[in-house]
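Count residues from 1 along the sequence.
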Amino acid sequence: MSTYNLSQTAAEIDSAISKVHNADTSPTQGSTSMVTSGGVYTAVNNIGISALPITTEAQGIANYDNDSNVPTNAAVKDYVDSSVAVFSVSDNTVGIGSDSSIDIDGTVIAGSFASISDGTLTLDSGTYELGLCGDFYEGDNDSADYWNVSLRVDGSDLGLFGVDETLSVYKPYSISAFYFKPSSIDVTVYADEISHPSVLRWQNVRVFVRKLT
């Protein structure tokens, strides 16, 4: 049988064995003793939400901009509802010589800072990222005809795209822009016929709003 020389004293060996033989039944801060598997299991399963770096709805995600806190479901929902909104526009057609506002139809998918009346979206004061996207076509087989589709704030174009001859095939278009005003603003979608008379059609149109401040 091989012989080993131990560097620990008899007292140190006895102490080490004692810490294993008489293991704690629950973790104790500062203890140097072992902990039974049952004690570890119970301690882990009894960790309460207050012991974790949780961000609750009342605390607000915006107040904890870090990589250590985990938001609750309610906190995430409240943040999305209070900062992001998506609105739909009914599929429709604008005919010859008919510059027209395209009604935002009031289907509020999310958001608590906006309201819709008579096709116009009204936003609270603040800084916003606004966007418009959808499928459009102008297809009268005349390449000289086209439309400008714009996202308007208080009657002025915030951004626009041109829909030209697409041979009766819907194509995706989109724009986005930032806007700030210390008072509420009215947002509309507008179709402006340019050059020659033609017809504009659209589908799957959405207005996106993100409240920044």
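Checked against Val209 for a side chain to side chain contact (heavy atoms under 4.5 Å, CB included), the options Leu121, Val86, Val84 give a single hit: Leu121. For the pairing with Phe161, the ring pair (Phe, Tyr, Trp, His ring centres under 6.0 Å) check across Tyr173, Tyr190, Trp147, Tyr146 returns one residue only, Tyr173.
Checking side-chain atoms of Asp154 against main-chain N and O of Asp186 turns up a donor-acceptor pair under 3.5 Å. At distances below 3.5 Å, at least one donor-acceptor pair connects side-chain atoms of Asp91 with backbone N or O atoms of Asn204. The backbone N or O of Gly38 lies less than 3.5 Å from a partner atom in the side chain of Thr42, making a donor-acceptor pair. Judged by distance alone, with hydrogens and angles left aside, the side-chain atoms of Glu138 form a donor-acceptor pair with the main-chain N or O of Glu165 at under 3.5 Å. Checked by atom type and distance alone, the side chain of Glu193 pairs as donor or acceptor with a backbone atom of Ser198 at under 3.5 Å.
More than 12 heavy atoms of other residues, nucleotides or ligands shown are found within 6.0 angstrom of NZ on Lys181. No more than 12 heavy atoms of other residues, nucleotides or ligands sit less than 6.0 Å from atom CG of Asp118. Within a 6.0 Å sphere centred on CZ of Arg152, other residues, nucleotides and ligands contribute more than 12 heavy atoms.
For the pair Ala177 and Leu158, the tightest heavy-atom approach, listed with the atom from each and the gap, is CB-CG, 3.7 Å. Nearest heavy atom pair, residue Gly159 against residue Ile175, reads O-CD1, 3.2 Å. Here the closest non-hydrogen pair linking Asn66 and Ser68 is OD1-N, 3.0 Å. Contact between Leu200 and Ala191 at its shortest, heavy atoms only, is CD2-CB, 3.8 Å. Of all heavy-atom pairs between Ala85 and Phe113, the closest is CB-CZ, 3.9 Å. The two atoms that bring Tyr170 and Asp135 nearest to each other are CD2-O, 3.5 Å, heavy atoms only.
Cluster annotation: Tyr137 and Val89 are assigned to distinct hydrophobic clusters (Ile/Leu/Val/Met/Phe/Trp/Tyr, side-chain heavy-atom contacts under 4.5 Å, transitive). Residues Val94 and Leu160 are members of separate hydrophobic clusters, defined by side-chain heavy-atom contacts under 4.5 angstrom among Ile, Leu, Val, Met, Phe, Trp and Tyr.
Interatomic distance, CZ of Phe87 versus OG of Ser115, reported as 8.5 Å (0.5 Å rounding). Taking CD1 of Ile116 as the reference point, atom CD1 of Ile104 lies at 6.0 Å (rounded to 0.5 Å). Interatomic distance, CD1 of Ile102 versus OG1 of Thr93, reported as 10.0 Å (0.5 Å rounding).
Contact annotation: the side chain of Glu129 never approaches that of Phe208 to less than 4.5 Å [non-hydrogen atoms, C-beta and beyond]. Counting only heavy atoms from C-beta outward, the side chains of Ile54 and Thr72 approach each other to under 4.5 Å. With a 4.5 Å cut-off on side-chain heavy atoms, Asp103 and Asn92 do not count as touching. Here the side chains of Thr166 and Phe136 are not in contact, with every heavy-atom distance at 4.5 Å or above. Inter-residue side-chain proximity for Asp157 and Asp192 is flagged as unmet; no heavy-atom pair is nearer than 4.5 Å. Taking the side chain as every heavy atom from C-beta outward, Phe180 and Pro182 approach each other to under 4.5 Å. Between Phe178 and Leu212 the shortest side-chain heavy-atom distance falls below 4.5 Å. Residues Leu151 and Val189 meet the side-chain proximity criterion, which asks for heavy atoms closer than 4.5 Å.
Applying the salt bridge (charged side-chain N to carboxylate O under 4.0 Å, His left out) criterion to Glu57, with sequence neighbours excluded, gives no partner residue.
Using a 4.0 Å cut-off between a side-chain N of Lys or Arg and a carboxylate O of Asp or Glu, Lys211 and Asp124 do not qualify as a salt bridge.
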